[in-house]
Amino acid sequence: MKSNKSNMSSHCGSSCSADGKRIVIREQCGLEHRFQVITAVVPDDALPEVFRVCDLKSGRYFCGQRSVEDRNAAFVAIELAAGAELELEFTVEPPEFTGNQVKFSEGAEFLTMDNGVLGVKIPVQQKSDGNPCSLSGPVVALRHGGGSWFGGTYFDTIMPIGGSSTRIVESGPVRSVVEFTTSGQEYAVRMRLDIGQNFMEMDEEFQSFEGDQLVWMFAGCDLPEYGYFLNTTPWYETRLLTYALDGELARLGPWSQQSQLALSDGFAFLRPESDTIFGAVAFDGGSWRGNRLNSLDAAMRRLRNGDRRTRRLVHSYAKADMITGPGSEHIPARDRRECDGVLCWEGWLGKGRRKWGLAVFTPQEFRPANEAVEPLSHFEDHATLEMCREQQGA
């Protein structure tokens, strides 16, 4: 999930023409910027909701979309080579789409947001039934490349959450944004999906009891056997997952200076019998308050008879019925195989903010560009940019 292609918002300079109808963007750091959506000032209020943007230097066309939330802003999907310059002119012509457009499907219970690469199913409105661990979180299921749905989220809180509501902030083929909020304002998230991208930005804010969690759960036929964890090299660490005992795998918490010492800035998992790797990667620091529970943790858990409450309320050794021993030591009275392993991403809701990406890849996209070379170590005397790039994947 480390990329040799950059986000252009922090590496490019821009200016407007004298007539205010053109924008010049200059790449000043020698970095290639992959296809992505940027926010620009609307140069002409007469622009339609979707429009065409022309680069006067190369003659290439890009697609644009007016913002609903801020009518002075527009979203433009572009790419930029290292050292390149674009002179963009906004036109009223219909756009020529160059990536998978974001599409909405609204039902009575769920809203589906999908760009052909990543799709998510979001609850429209919920009212709690009062039972613990029963209220769905912002994502009911996700899918990759229009395939089958898998995974999901739910709240595990000390005090019941009354319900939730969903609001469409932006709705268009270039960028769509949905806001999910719990009824007591304990938790809110803005989910942003852009044209052609393989990730959805999750911008979460929360202020609840420190032990409360939003849980992402993957189980059954979707239970991964392999996990991938970013480390301090251009590569990543691969682990075989056993689920015999509860155990923490990684903690996504880049919102502190201690991140590279004890935490991770990304992890991913291979979905069984599929061409999908799904994961989470940190975007920025958010609100850090020392020793507060505001990280996103990946963990192997076991549930007794499928009861979500046993995920953390029952001690791990009381659920260790997957571990076998000599037949002579088997105790028939001991309950055997009542528990099943699950993969959980546990988002703590104490107080703070998280901004991260829910991402999907094919194994080919995810793997390093050159797996034949010896992985770089944490310390290298003569490392070059080219050496790092050939060991980077998605």
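When reading the values below, keep in mind they use all heavy atoms of this one structure, side chains included, and skip hydrogens, waters and symmetry mates.
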Pairwise side-chain contact, V178 with L111, heavy-atom cut-off 4.5 Å (strictly under):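 The answer is yes; the side chains approach within 4.5 Å.
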Contact check, side chains of H144 and L118, non-hydrogen atoms, under 4.5 Å: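 Side chain of H144 against side chain of L118, heavy atoms only: no contact under 4.5 Å found.
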Evaluation steps, side chain to side chain contact (heavy atoms under 4.5 Å, CB included), between V102 and V174: CA-CA 6 Å; V102 185; V174 177; over 6 Å; no
Only distances under 3.5 Å count here; give the side-chain donor-acceptor pairs of residues 240-250 to other protein atoms, sequence neighbours excluded, each with its distance to 0.1 Å.
from	atom 1	to	atom 2	distance (Å)
Y243	OH	P224	O	2.7
D246	OD1	R302	N	3.0
D246	OD2	K319	NZ	2.9
E248	OE1	R251	NH2	3.0

Within the 6.0 Å centroid threshold, strictly below: F218 and F278: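 Yes; F278 has its ring centre under 6.0 Å from that of F218.
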Can we say [X] and [Y] salt-bridge, meaning some charged N sits less than 4.0 Å from an Asp/Glu carboxylate O?
| X | Y | result |
| --- | --- | --- |
| R312 | D156 | yes |
| E69 | R190 | yes |
| E89 | R60 | no |
| E79 | R34 | no |
| E204 | R354 | yes |
| R52 | E93 | no |
| R353 | D203 | yes |
| D212 | K351 | no |
| R311 | E346 | yes |
| D307 | R309 | yes |

Sequence neighbours excluded - ring-ring contact (aromatic ring centres under 6.0 Å, His included) pairs with any residue from residues 151-199: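 Checked against ring-ring contact (aromatic ring centres under 6.0 Å, His included) - neighbours excluded - the pairs reaching residues 151-199 are F155-Y187, F199-F283.
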Cation-pi, Y228 ring and R239 (6.0 angstrom, 45 degrees):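 No, cation not above the ring by the 6.0 Å, 45° rule.
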With sequence neighbours excluded, residues passing side-chain hydrogen bond (donor to acceptor under 3.5 Å, both in side chains) with S164: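 Scan of S164 (side-chain hydrogen bond (donor to acceptor under 3.5 Å, both in side chains), adjacent residues dropped) gives Q126.
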Which of parallel (below 30°), tilted (30 to 60°) and perpendicular (above 60°) describes [X] and [Y]?
| X | Y | result |
| --- | --- | --- |
| F366 | Y236 | tilted |
| F229 | F269 | perpendicular |
| W356 | W216 | perpendicular |

Donor-acceptor side-chain pairing of D114 and T112 below 3.5 angstrom: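 No, T112 and D114 have no side-chain donor paired with an acceptor closer than 3.5 Å.
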